[in-house]
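Being a predicted model, the structure only gives us computed values, none of them experimental.
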Amino acid sequence: MAALVAFVTAPGGRAALVGDAPDARPEGGALGTSGPEAVGPVAELARRAAELEAAGDVRWVWWSAGADAAALAGAAVPVARCWDVAEAHRLLAGGWEATPQVAWATARGLDRAGLPEATRGDLFDFDAAAPMPELSDVGLGRVVRPDGYLDPDAGTDGWHPDDDTLLAWARTALECARAQQSALAEVGPRAVAAARSESAAAFLCLELARDGLPVDRATAEQMIAEAAGARPTDEAHARRIRAERDTTVLRHTPGRETTDLRNPVQVKELLASVGVVVPNTRKWVLEPFRDTHPVVDALLEWRKAERIATTYGYPWLDAHVGPDDRLRGGWTACDGAAGRMTAQNGLHNLPTALRPAVAAHPGHLFVRADLGQIEPRVLAAVSGDEAFAAATRADDLYAPVAAALGVDRPVAKIAVLAAMYGQRSGAAGEALKDLERTYPVAMGYLDAAYAAGLRREPLRTFGGRLIRLDAVLADVPAESAAAYDAARGRFARNAVIQGSAAELFKAWAATVRATTRDLGAQIVLCLHDELLVHVPAQHAEEARARLEQALTDSARRWTGSSRVRFVADASIIHRWSEAKD
DNA sequence: GATTTCACGTA
DNA sequence: CGTACGTGAAATCC
């Protein structure tokens, strides 16, 4: 078993590293007596960490990758195993808030309501707390208060610990990680493994932010030019281009040229004047009126161009694509709801029209792979439905389902999706009833999640992530209590599937990262069920094979069996836009 | 200046 | 065929 070694940093460029050999620790013995221990400038500690990583079996512990491990990612330390206290806490307790103080309190079983407030300036300055007696022998008392809570200022921006305090901060992280492991072991058989996988994903997020997504700048400029016009030379030029774009719509409605197309109220009035009366001007509302009046089609085309001009235009390119032609944004390992990864600066919602601009750099290729029919396959795994699991053995899961129900494939597909996502009406009605009879375990699992949502009872994903129903939907406006309840039910039903799928995806990504590193491969994009890996051209085929093997292995570890089959569609491409093979 | 609404891109 | 996320422009609130 890997030895835990904490790596923590403090403002001012200091870091501490403290190891603890768990098996060597005598019963009731002191902590931190058998492993490495160092404190100093973060660059120096990162070098020491690189040596330890190269030498042996280490699992790094940090309060969070973003706060503590940036220097390791920056120095390209090939971190193989880690424990991210914040990610472990998010798994254990749900939601997104995961400061060291909250994570520590939860792991130690302290009441969340008793958390002390951070001090502010000199108004509430008080004398440093006396060390906590039972922890003072190893120095944790420097950051742990007598009442057991963490010093509320520890780890915050304005905190300037001395060396001994920073060492105590590292030892406390170790202690917190151990307490979390115990707590997660109680949650379920997969939760500790899930925390490790989430931790790896959090470090991967630093690497994604560091490396960026390879872009072909010339193509990007060309695609932007097609939608938004030439790059403006000055403000007046920019206004002129904007006006020309507006004219493509306004020329269809003489007399209304002053309409502001960016103002939905005015657009609604404009449409009403040509007989298109709509409650709002959303795309799917206007779509049926495309042929009613030419201004509708012109408006929808204008919106597409306007989107690229404003969100993905020249300012976006200049701000987020570096001189090395890499598109960079911040990444998080999980959102606050079900636990999917998030990304900023358009990395997760780049219009497909711009995908030709995402291109492998010279000498490299992309291996692109996505998980096929991931959500129904995950449903089969998490529900334990043997009949549904049997259907996953087919490349196309809907084919055996259609055969079992005695319906055409499209009907089977709609029925399965309707069951998972909530709509229980419409064309799928009859097939849904058959689905309930044929796969009662899987359908029962979904119904139970829905019912728990109605009752406001928190749920856990397959990997043990707590799905909270209080905070997430608190601000959803609802006309009636029943609508609010139903929204909660749908959310719960969706979250156990979406969240579990996210866990498998991250386990897969972490395995790919580990098993393709020696090829010089970089994961450059994670998109919920899709991976884009940038790899030296001569290793592309090998990398593709390892991606598929990684799925088999991580799915097997995650589900604990091979009853449910997961499939990846993997191809080697130059540009993200290229068709699947 | 901060927050809300509308709209729309991705899965 | 539901859920989630991030972004920008304009309106609205304070």
Side-chain angles (χ1 to χ4, degrees), chain A residues 96 213 227-228 242 260-268 278-287 299-313 315-316 319-320 329-355 358 370-376 378-379 410-411 413-429 431-432 446 449-450 453 461 467 469 472-473 475-477 486-502 505 525-532 576:
Chain A
W96 210 74
L213 181 66
R242 241 165 70 126
D260 180 358
L261 294 174
R262 294 158 191 86
N263 181 328
V265 175
Q266 290 188 31
V267 171
K268 210 166 112 174
V278 285
N280 60 62
T281 71
R282 295 202 163 108
K283 191 171 131 186
W284 54 89
V285 173
L286 295 183
E287 201 70 53
L299 175 68
L300 292 172
E301 291 305 310
W302 177 91
R303 284 243 178 96
K304 260 194 276 186
E306 177 75 1
R307 163 72 48 186
I308 291 180
T310 54
T311 305
Y312 303 101
W316 169 79
H320 305 305
W331 288 78
T332 67
C334 72
D335 59 31
R340 298 220 290 197
M341 294 176 76
T342 69
Q344 293 175 316
N345 298 342
L347 283 157
H348 265 184
N349 41 10
L350 203 68
T352 49
L354 287 180
R355 289 187 178 191
V358 177
D370 70 283
L371 302 178
Q373 302 169 338
I374 177 65
E375 293 190 337
V378 162
L379 172 59
V411 177
K413 180 175 177 177
I414 287 172
V416 170
L417 294 179
M420 283 195 301
Y421 298 153
Q423 192 70 19
R424 320 224 88 194
S425 61
L432 264 173
L446 294 169
Y450 187 86
T461 61
I467 305 293
L469 297 155
V472 176
L473 288 169
D475 58 331
V476 168
R488 229 172 30 243
R490 282 195 307 272
F491 168 74
R493 174 165 44 200
N494 188 264
V496 290
I497 301 300
Q498 190 186 93
S500 300
F505 176 81
L525 191 73
C526 294
L527 194 45
H528 306 315
D529 67 349
E530 181 175 0
L531 273 177
L532 202 58
W576 193 17

- Nucleotide range of DNA chain B lying under 4.0 Å from chain A heavy atoms: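 On DNA chain B, the outermost contacted nucleotides are dC6(B) to dA11(B).
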- Respond yes when some side-chain nitrogen or oxygen of N349(A) is under 4.0 Å from OP1 or OP2 of dT7(C), and no when none is.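 N349(A) to dT7(C) OP1/OP2: no side-chain N or O under 4.0 Å.
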- Item | Under 4.0 angstrom between R490(A) side-chain N/O and dT3(C) OP1 or OP2 |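 Checking R490(A) against dT3(C): at least one side-chain N or O falls below 4.0 Å of OP1 or OP2.
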Whole-Å distance between [N] [atom2] and [X] [atom1]?
X	N	atom1	atom2	value
D529(A)	dA4(C)	CG	P	18 Å
L354(A)	dT7(C)	CG	P	16 Å
L347(A)	dC5(C)	CG	P	17 Å
L379(A)	dG2(C)	CG	P	18 Å
R493(A)	dA4(C)	CZ	P	13 Å
N494(A)	dA4(C)	CG	C1'	8 Å
L525(A)	dC5(C)	CG	P	18 Å

Restricting to nitrogen or oxygen on both sides, can you table the protein-nucleotides 8-13 of chain C pairs closer than 3.5 Å?
{"unit_1": "dA11(C)", "atom_1": "OP1", "unit_2": "N263(A)", "atom_2": "ND2", "d": "2.5"}

- Item | Counterpart residues, side chain to side chain donor-acceptor pair (under 3.5 Å), relative to R282(A) (two or more places apart) |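 R282(A): no side chain to side chain donor-acceptor pair (under 3.5 Å) contacts found.
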- Item | Residues in ring-ring contact (aromatic ring centres under 6.0 Å, His included) contact with H528(A), at least two apart in sequence or another chain |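 Listed in chain order: H348(A).
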- Hey, is the main chain of A309(A) close enough, under 3.5 Å, to the side chain of W316(A) for a donor-acceptor pair?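 No; judged by distance alone, with no hydrogens or angles, the pair does not exist.
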- Keeping the roles fixed (side chain from R488(A), backbone from G453(A)), state whether a donor-acceptor pair exists under 3.5 Å.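 Yes, R488(A) side chain to G453(A) backbone: donor-acceptor pair under 3.5 Å.
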Which is true for [X] with a 4.0 Å heavy-atom rule: it touches a base, it touches only sugar-phosphate, or it touches nothing?
X	value
A495(A)	nothing
I497(A)	nothing
Q344(A)	sugar-phosphate

- Please identify each residue that fulfils salt bridge (Lys or Arg N to Asp or Glu O under 4.0 Å) with E301(A), with sequence neighbours left out.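 For E301(A) the salt bridge (Lys or Arg N to Asp or Glu O under 4.0 Å) partners, ignoring immediate neighbours, are R290(A), K304(A).
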- Message: Once salt bridge (Lys or Arg N to Asp or Glu O under 4.0 Å) is applied, do any residues pair with E375(A), and if so which ones, sequence neighbours excluded?
- Response: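 Applying salt bridge (Lys or Arg N to Asp or Glu O under 4.0 Å) to E375(A) gives none.
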List for me each residue that meets side-chain contact (heavy atoms from CB on, under 4.5 Å) alongside [X], sequence neighbours excluded, and say none if there are none.
X	result
D335(A)	A337(A), R340(A), T342(A)
P351(A)	Y312(A), L354(A)
Q344(A)	none

